[in-house]
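As the structure is a prediction and not an experimental result, all values here were calculated from the model. Proteins get letters first, then strands, A, B, ... in listed order; numbering begins at 1 in each.
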Amino acid sequence: MDMKEVERKWQARWTKEKLNEFDEKSTKPKKYVLEMFSYPSGAKLHIGHWFNYGPADSYARFKRMQGYNVFQPMGFDAFGLPAENYAIKTGVHPKDSTEKNIATMEEQLRAMGAMFDWSKEIKTCEENYYKWTQWMFLQLYKKGLAYRKEAPVNWCPSCATVLANEQVVDGRCERCDSVVVRKNLTQWFFKITEYAEELLSGLETLDWPEKTKLMQKNWIGKSTGCEIEFDCETGDKIRVFTTRCDTVFGVTYVVLAPEHPLARKLTTAGQREAVEKYILEASKATEIDRLSTTREKTGVFTGSYCINPVNGKRVPVYLADYVLASYGTGAVMAVPAHDERDYVFATKYGLPIEKVIENRDGETVLPFCEDGIVVGAINFDGLCGEEARDEIANHIAKLGKGGKKVNYRLRDWLVSRQRYWGAPIPIVYCPHCGTVPVPEKDLPVKLPYDVEFRPDGKSPLAKHEGFMHTTCPVCGGEATRDPDTLDTFVCSSWYYLRYADPENDRAPFSREAVDKLLPVDTYVGGAEHACMHLLYARFFTKALRDMGYLDFDEPFKRLVHQGVILGPDGNRMSKSHGNIVSPDEYVEEYGSDAFRLYLMFGFSYTEGGPWSDDGIKAIARFMDRVEKITLKVRDYPETNEPFGAEEKALDYARNYAIQHVTKDLEAFSFNTAVARMMELVNSVYKYDALPQKNTALLKATVRDFLLLLAPCAPHFCEELWEQTGGKGFIFEESYPVENPAALILDETEYAVQLNSKIVCKAMIPSGASNEEIEALALALPEVREKLGGKTLKKCIVVPKRLVNLIVG
RNA sequence: GCCGCUGUGGCGAAAUCGGCAGACGCGCGGGACUUAGAAUCCCGUGGGAGACCAUGCAGGUUCGAUCCCUGUCAGCGGCACCA
């Protein structure tokens with residue numbers, strides 16, 4: 001079969017008959033199958049795209065044949081850093097390179113032959129999309145979910161520019177190798193923490209991989225503890241969060257993050273120099289390094305003291321970078337006797353270590369970090385663990401120095417980017433009116449084309465007079481725009497909603513369109529998005545629901561992650577590894593169906609693995625075998641005789657395949673689905689070799705087989721369907737359903753075990769009771785021989801699998 | 001470092017709820033067809049001469065463990081400005 005020609009032919013027909021478009025008028029149940037949209041950074045589709053979209057499209061087609069009205073849109077996540085970096089390097093404008101890349105990728109995606117509804121395509125960098133991204137920002141702002149505060153950025157002093165984490169290599173700028181420091185800027189945040197509890201509890205309702213839910217749970221990081229206030233001699237108050245308030249009597253010092261607002265204020269003249277030096281050093285370390293439990297602990301004394309509210313003890317205040325400003329209150333109470341890190345730190349700096357918890361069962365070796373009995377705390381001595389924490393927290397609350405508190409590791413979402421290639425933040429700063437949101441009627445705030453990308457200390461937009469200079473929407477006076485753009489994760493947090501209504505120019509989407517299609521039934525994409533994109537999208541959905549734009553709680557009911565296809569050397573494919581494998585040559589040589597089928601068969605979908613093309617020939621051979629037998633059987637005259645054991649076996653194979661392929665496709669277990677289809681082809685060949693054939697059964701089996709294979713090799717099966725006299729499109733046929741009667745066997749092979757060791761196999765009639773099975777097993781010659789004089793103690797029967805005789 | 005995942009023949013992999021480890025393929029070996037090769041078709045194929053031994057390694061629970069538990073090693077994904 002000339003696959004190039006066949007692909008062209010069927011793609012043209014599908015497009016002409018709008019086969020791939022969602023049918024607005026259909027009464028069938030809808031099924032929204034969505035793959036994560038592509039980022040057009042490289043010019044071409046890579047194996048990862050294919051591995052995501054090919055098999056997922058087979059799932060969508062399978063659902064279509066099962067009678068669903070399937071919606072499978074595609075688009076581009078087109079804003080982002082790489083296009084801007086490319087512009088800095090080559091001078092090619094991000095808009096131009098992005099549009100060019102998108103054009104290439106669209107063409108390749110069409111050539112894949114997936115059932116994408118291109119009539120609903122979206123590109124996040126287009127005005128009619130980012131207008132609504134800006135609208136989202138304004139709604140969140142109105143709802144009090146967007147606010148400004150200071151936050152650190154990576155700053156390269158030499159390039160005078162903000163760097164992404166990716167651009168910082170070993171603490172240095174990837175462009176000029178200067179040491180990167182952290183610098184505070186006032187930036188926009190979304191209050192995702194307001195939804196922490198619901199983002200956590202909502203996980204229970206989702207059909208998502210358990211590991212993904214667990215990762216989100218840990219990312220949100222709920223912990224129940226106590227907030228405690230330590231009064232400083234300066235009159236300032238240090239608030240700390242602890243999950244171990246039962247150890248508060250053992251506090252021997254307090255630690256602030258170097259970025260803590262009180263850090264400098266509490267520093268005494270004598271310590272000034274050391275503290276400044278330390279703060280600068282700390283600004284160079286990455287957060288990952290700072291959280292490392294094996295890294296040498298460092299810190300510096302501020303010169304100040306504060307008072308432990310429970311016992312009035314005066315303890316020193318230190319700065320140390322193992323405390324993060326972004327977690328909890330940015331300050332901790334240190335209890336070296338009962339915390340590993342505090343113990344190490346106290347030992348290093350000669351700070352006292354006071355034991356206030358004792359091990360209930362045995363010697364107390366410090367640091368003792370488990371629950372134990374409180375000692376040396378007069379009113380609380382003898383209390384233990386949760387009970388102690390409860391009493392002590394209540395006591396602290398009575399003192400007016402804090403109390404029980406739930407804390408989350410989740411932080412608010414920083415959305416400001418000091419970059420060009422993104423959606424401008426729709427905010428104006430007016431000397432008289434302050435921070436003013438751009439009125440919705442004035443959206444979009446257009447991204448100007450003529451900008452200077454060269455990094456020179458200012459965001460590209462900040463240097464653009466025409467963009468920056470504006471009038472205040474409130475007072476009409478002179479004002480300036482926010483020079484920053486939005487994080488691209490903002491664009492991708494609501495795109496699945498826009499697909500429902502992409503042309504709408506009065507709203508991001510109509511309620512009617514969204515009600516019809518959303519939520520997404522099955523979302524397919526990489527596991528690397530487990531904590532960020534997938535959490536942000538959930539947050540957007542919940543916020544939009546609370547603003548009355550939606551009436552569902554979760555955007556993605558079911559989630560599936562495809563694995564990562566690595567380079568042949570086992571490393572992630574990258575230019576630097578020089579191990580990139582392009583799908584193009586394979587598609588060219590074998591055709592898109594064979595390539596898709598190979599991806600489905602050769603790898604576990606959720607695991608991925610190193611690339612290897614061993615076996616792609618086997619897929620080509622399999623398809624040849626299918627074509628050959630299909631055409632051969634087509635030309636047989638029809639006979640209904642005979643129907644004996646051979647026919648029963650073929651019918652069993654046919655129905656077994658239907659049953660398992662259906663189950664496996666539903667589970668995204670594509671490799672086993674293809675294996676079951678190969679088994680059926682083998683059975684058909686075997687049957688066809690018989691001298692006497694029931695060709696009616698054979699023809700029906702081949703027909704079912706083509707239907708089974710169609711979602712996985714769509715062009716190929718359409719062609720064979722047509723060549724065997726099928727009418728219309730194969731994708732308008734129903735997926736086969738197994739006949740349970742054909743799957744009932746008279747007897748099943750059991751493994752017979754004696755004391756859990758296999759002795760022999762035995763055929764046991766279906767429907768035999770456990771007693772009958774036991775008797776049959778005991779009567780077997782192999783069993784009698786090995787049994788000797790031993791008596792039966794117990795008999796374990798696992799239906800349709802084994803019988804285990806325990807003797808002694 | 002922290003969070004999560006993975007580890008099974010020469011290779012890709014499979015194994016429902018703890019129940020016959022290795023389905024389906026690749027590769028390899030043998031055979032058929034052919035002047036010959038390619039292609040195709042058929043048979044065999046975890047290791048071991050064997051009792052037996054095998055699911056990264058060391059233990060544990062169980063009648064029975066690839067699966068559950070403890071420890072450990074290796075690889076992969078993420079760690080909040082790559083997307």
Side-chain angles (χ1 to χ4, degrees), chain A residues 36-39 41 77 79-82 85 153-154 162-168 187 192 209-212 214-219 221 286-295 326 409-419 487-489 491-492 526-533 535-536 561 563-564 566 570-572 598 601-604 606-610 612-619 621-622 624-625 628 663 669 671-679 682 685-686 689 749-753 755-758 761 793-807:
Chain A
M36 290 180 183
F37 60 173
S38 328
Y39 178 74
S41 68
D77 188 14
F79 277 136
L81 180 68
N85 284 341
V153 293
N154 298 314
V162 175
L163 299 177
N165 288 340
E166 192 191 45
Q167 298 174 293
V168 182
Q187 310 192 70
I192 191 172
E210 285 306 318
K211 63 165 187 174
T212 310
L214 191 55
M215 275 190 272
Q216 283 209 357
K217 180 178 175 234
N218 292 337
W219 183 268
T286 70
E287 229 168 69
I288 290 173
D289 285 342
R290 284 173 60 171
L291 281 170
S292 165
T293 49
T294 53
R295 183 166 166 265
S326 54
R409 205 183 72 98
L410 181 70
R411 320 204 284 242
D412 278 339
W413 174 14
L414 196 169
V415 295
S416 300
R417 295 292 180 270
Q418 293 70 47
R419 300 192 208 293
D487 177 7
T488 53
F489 276 127
C491 311
S492 57
E528 67 274 18
H529 293 292
C531 293
M532 303 183 70
H533 163 61
L535 199 62
Y536 296 148
H561 295 307
V564 180
L566 304 169
N571 292 306
R572 184 171 258 277
Y598 176 61
F601 179 64
F603 303 85
S604 156
T606 53
E607 298 299 323
S612 148
D613 57 12
D614 289 354
I616 192 161
K617 283 204 175 72
I619 290 294
R621 177 152 58 234
F622 168 65
D624 280 346
R625 273 165 71 80
K628 232 181 279 176
K663 211 174 66 184
S669 179
N671 51 353
T672 53
V674 177
R676 298 293 88 84
M677 291 192 247
M678 288 173 165
E679 284 169 351
N682 292 344
Y685 265 79
K686 204 171 218 168
E749 190 186 67
Y750 276 64
V752 181
Q753 297 185 329
N755 287 341
S756 307
K757 294 240 173 201
I758 291 175
K761 306 282 173 74
K793 284 183 171 168
K794 195 173 166 188
C795 174
I796 297 155
V797 175
V798 181
K800 296 190 173 164
R801 300 233 168 224
L802 61 74
V803 49
N804 188 3
L805 305 164
I806 310 300
V807 298

K.L.:
G19(B) C1' sits how many Å from Lys794(A) NZ, rounded?
P.N.:
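Taking atom C1' of G19(B) as the reference, NZ of Lys794(A) is at 13 Å.
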K.L.:
Would you say a side-chain N or O of Ser604(A) is under 4.0 Å from OP1 or OP2 of A14(B)?
P.N.:
yes
K.L.:
In whole Å, what is the span from the CD atom of Glu607(A) to the P atom of C5(B)?
P.N.:
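Result: 11 Å.
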K.L.:
Among C81(B), C82(B), A14(B), which nucleotide sits nearest the side chain of Gln187(A)?
P.N.:
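From the listed options, C81(B) comes nearest.
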K.L.:
Any donor and acceptor pair, going by atom type alone, linking the side chain of Tyr750(A) with main-chain N or O of Lys761(A) inside 3.5 Å?
P.N.:
no
K.L.:
Could you work out which one of C5(B), C82(B), U16(B) sits closest to the side chain of Lys663(A)?
P.N.:
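Out of C5(B), C82(B), U16(B), the nucleotide with an atom closest to Lys663(A)'s side chain is U16(B).
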K.L.:
For the residue pair Leu414(A) and Asp487(A), establish whether any side-chain heavy-atom pair is separated by less than 4.5 Å.
P.N.:
no
K.L.:
Please check if the side chain of Asp77(A) supplies one atom and the backbone of Phe37(A) the other of a donor-acceptor pair under 3.5 Å.
P.N.:
no
K.L.:
When syn is taken as a glycosidic angle within 90 degrees of 0, is G9(B) syn or anti?
P.N.:
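The base of G9(B) is oriented syn (glycosidic angle within 90° of 0).
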K.L.:
Regarding His533(A), tell me which of base, sugar-phosphate or nothing describes its non-hydrogen contacts under 4.0 Å with the strands shown.
P.N.:
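No contact at all - His533(A) keeps every heavy atom at 4.0 Å or more from the nucleic acid.
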K.L.:
Would you mind telling me which of C82(B), A13(B), G77(B) lies closest to the side-chain atoms of Leu81(A)?
P.N.:
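Of the candidates, C82(B) comes closest.
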K.L.:
Can you measure Asn85(A) atom CG to C82(B) atom C1' for me and round it to whole angstrom units?
P.N.:
9 Å
K.L.:
Measure CD1/Ile288(A) against C1'/G4(B) and give the value in whole Å, please.
P.N.:
15 Å
K.L.:
Is there a side-chain contact between Glu166(A) and Leu81(A) (heavy atoms, below 4.5 Å)?
P.N.:
yes
K.L.:
Are the side chains of Met678(A) and Ile619(A) in touch, meaning some heavy atoms are under 4.5 Å apart?
P.N.:
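In contact.
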K.L.:
For A54(B) and G9(B), measure between their P atoms and round to the nearest Å.
P.N.:
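Looking at atom P only, A54(B) and G9(B) are 14 Å apart.
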K.L.:
Using 0.5 Å steps for rounding, measure from the NE2 atom of His561(A) to the NE2 atom of His529(A).
P.N.:
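It comes to 9.5 Å.
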K.L.:
Reading RNA chain B 5' to 3', how would its secondary structure be written in dot-bracket notation, given Watson-Crick and G-U pairs with both distances under 3.5 Å, brackets [ ] for crossing pairs and | for partners on other strands?
P.N.:
(((((((..(((......[....)))((((((.......))))))((....))..(((((..]....))))))))))))....
K.L.:
Quick one: Glu749(A) CD to A23(B) P, roughly how many Å, whole number?
P.N.:
15 Å
K.L.:
If you measure from SG on Cys795(A) to CD1 on Ile806(A), what distance do you get to the nearest 0.5 Å?
P.N.:
8.5 Å
K.L.:
What distance, rounded to whole Å, do you find between the two P atoms, one in G1(B) and one in A65(B)?
P.N.:
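Looking at atom P only, G1(B) and A65(B) are 33 Å apart.
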K.L.:
Take Leu214(A) and Phe603(A), find for each the nucleotide of RNA chain B with the closest heavy atom, and name the residue whose nucleotide sits nearer the 5' end.
P.N.:
Leu214(A)
K.L.:
Give a yes/no on whether any side-chain N or O of Asn755(A) is located under 4.0 angstrom from OP1 or OP2 of C63(B).
P.N.:
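No, outside the criterion.
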K.L.:
Round to the nearest Å and state the distance from Trp413(A) atom CH2 to A83(B) atom C1'.
P.N.:
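Those two atoms, CH2 and C1', are 13 Å apart.
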K.L.:
On a plain distance test, is the side chain of Asp487(A) in donor-acceptor contact with the base of C81(B) below 3.5 Å?
P.N.:
no
K.L.:
Measure the shortest side-chain to side-chain distance between Arg625(A) and Asn682(A) over non-hydrogen atoms and say whether it is less than 4.5 angstrom.
P.N.:
yes
K.L.:
Show each protein N/O and nucleotides 24-31 of chain B N/O combination with a separation under 3.5 Å, one pair to a line.
P.N.:
residue: G25(B); atom: OP1; partner: Asn682(A); partner atom: ND2; Å: 2.6
residue: C26(B); atom: OP1; partner: Arg621(A); partner atom: NH2; Å: 2.6

K.L.:
Quick one: on RNA chain B, does Ile758(A) or Arg419(A) contact a more 5' nucleotide (nearest heavy atom)?
P.N.:
Ile758(A)
K.L.:
Roughly, in whole Å, what's the span from CD in Gln418(A) to P in C82(B)?
P.N.:
13 Å
K.L.:
Would you give a per-nucleotide map of nucleotides 68-76 of chain B, 5' to 3', where B means the base has a protein non-hydrogen atom under 4.0 Å away, S means only the sugar-phosphate does, and - means neither?
P.N.:
---------
K.L.:
Do Leu566(A) and Asn571(A) touch side chain to side chain, with heavy atoms closer than 4.5 Å?
P.N.:
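A side-chain contact is absent here, since even the closest heavy-atom pair is not under 4.5 Å.
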K.L.:
Mind calculating the distance between NE2 (His561(A)) and P (G78(B)) to the nearest angstrom?
P.N.:
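His561(A) atom NE2 is separated from G78(B) atom P by 12 Å.
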K.L.:
Distance check: side-chain N/O of Arg801(A) vs OP1/OP2 of C20(B), anything under 4.0 Å?
P.N.:
yes
K.L.:
Would you indicate whether the side-chain heavy atoms of Gln167(A) and Asn154(A) approach each other to under 4.5 Å?
P.N.:
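SC-SC contact between Asn154(A) and Gln167(A) ruled out.
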K.L.:
For C69(B) and G77(B), measure between their P atoms and round to the nearest Å.
P.N.:
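Straight-line distance between the two P atoms is 25 Å.
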K.L.:
When you measure from the side chain of Lys211(A), which nucleotide among C5(B), G64(B), C81(B) comes out closest?
P.N.:
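In terms of side-chain proximity for Lys211(A), the closest of C5(B), G64(B), C81(B) is C5(B).
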K.L.:
With respect to the side chain of Asn218(A), which nucleotide from G4(B), A23(B), G19(B) is positioned closest?
P.N.:
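Taking heavy atoms from C-beta onward, the closest nucleotide is G4(B).
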K.L.:
What integer number of Å spans the C1' atoms of A14(B) and A23(B)?
P.N.:
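Approximately 5 Å lies between the C1' atom of A14(B) and that of A23(B).
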K.L.:
Which nucleotide in the set A23(B), C79(B), G19(B) lies at the smallest distance from any side-chain heavy atom of Thr672(A)?
P.N.:
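Of the options given, the side chain of Thr672(A) lies nearest A23(B).
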K.L.:
OP1 or OP2 of G12(B) less than 4.0 angstrom from a side-chain nitrogen or oxygen of Ser612(A), does that happen here?
P.N.:
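Checking Ser612(A) against G12(B): no side-chain N or O falls below 4.0 Å of OP1 or OP2.
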K.L.:
Mind checking whether Gln753(A) and Leu805(A) have side chains closer than 4.5 Å, heavy atoms only?
P.N.:
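Contact flag for Gln753(A)/Leu805(A) side chains = no.
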K.L.:
Could you tell me whether the phosphate oxygens of A80(B), OP1 or OP2, come under 4.0 Å of any side-chain nitrogen or oxygen in Arg411(A)?
P.N.:
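For A80(B), neither OP1 nor OP2 has a side-chain N or O of Arg411(A) closer than 4.0 Å.
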K.L.:
Is Ser416(A) touching bases, backbone alone, or none of the nucleic acid, heavy atoms closer than 4.0 Å?
P.N.:
base
K.L.:
If only atom types and distance count, is the side chain of Tyr598(A) paired as donor or acceptor with the main-chain N or O of Asp614(A) below 3.5 Å?
P.N.:
yes
